[in-house]
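Numbers here are sequence positions counted from 1.
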Amino acid sequence: MHTKVLTAHVPLPLADQIDKFAHQLERSRGWVIKQALTNWVAEAEEHHQLTLEALNDVDTRQLIPHHDIQAWANSLTSDNPLKQPATPFK
């Protein structure tokens, strides 16, 4: 696999934490940073995809009324919680 060197300035406490984890895991600093970036990119991509899906739900009016969500949320601490509201169009 081809690689590319990236350079970033990070605060000293963060660099120290990375070094600590690398030592604990018996891995290199580069390995720890690569794992962290891989996880961050995956989460960012998932967040973007979920945002697009949510915007599509809004565009297609696949919504749950606010008062239904509020009633459900308020019931969660009661002895008889309501069932989670479902989107009427899905």
Side-chain angles (χ1 to χ4, degrees):
M1 171 175 30
H2 296 289
T3 63
K4 183 177 187 177
V5 174
L6 302 175
T7 303
H9 291 269
V10 298
L12 287 176
L14 178 58
D16 291 341
Q17 285 182 303
I18 292 168
D19 288 340
K20 182 178 94 175
F21 286 127
H23 178 73
Q24 289 173 346
L25 297 170
E26 298 180 358
R27 296 288 189 157
S28 69
R29 179 188 301 151
W31 184 89
V32 172
I33 292 170
K34 184 167 48 171
Q35 294 300 309
L37 284 173
T38 299
N39 291 336
W40 181 82
V41 167
E43 287 180 20
E45 287 176 346
E46 181 181 13
H47 182 266
H48 178 70
Q49 185 60 41
L50 291 171
T51 299
L52 293 177
E53 290 174 17
L55 289 171
N56 184 60
D57 286 347
V58 170
D59 289 344
T60 59
R61 307 285 298 157
Q62 297 184 49
L63 307 170
I64 301 171
H66 177 75
H67 59 84
D68 290 352
I69 295 293
Q70 192 67 50
W72 169 71
N74 290 338
S75 78
L76 294 178
T77 57
S78 73
D79 291 334
N80 297 309
L82 299 173
K83 287 176 56 176
Q84 183 175 353
T87 305
F89 303 106
K90 284 189 175 180

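The side-chain heavy atoms of F21 and Q24, taken from C-beta on, include a pair separated by under 4.5 Å. In this structure, the side chains of N80 and S75 stay at 4.5 Å or more apart for every pair of heavy atoms.
Connection of L37 to V10 is established within a shared hydrophobic cluster, with ILVMFWY side chains joined at heavy-atom distances below 4.5 Å, either directly or through further cluster members.
Considering every non-hydrogen atom in both A71 and L82, the closest pair reads O-CD1, 3.7 Å.
Atom CD of E26 has 12 or fewer neighbouring heavy atoms from other residues, nucleotides or ligands inside a 6.0 Å radius. Crowding of L14 atom CG: a count of heavy atoms from other residues, nucleotides or ligands under 6.0 Å exceeding 12.
Here the side chain of S28 pairs a donor or acceptor atom with the backbone of W31 at under 3.5 angstrom. When atom types are taken as modelled, the side chain of N74 and the backbone of Q70 share a donor-acceptor pair closer than 3.5 angstrom.
The CE atom of M1 sits 8.0 Å away from the OG1 atom of T3 when rounded to the nearest 0.5 Å. For the atom pair CD1 of I33 and OG1 of T38, the computed distance is 11.5 Å after rounding to the nearest 0.5 Å. Atom CD of Q62 sits about 11.0 Å away from atom CD of E53, to the nearest 0.5 Å.
Remark: R27 engages no residue in a side chain to side chain donor-acceptor pair (under 3.5 Å) (not counting sequence neighbours).
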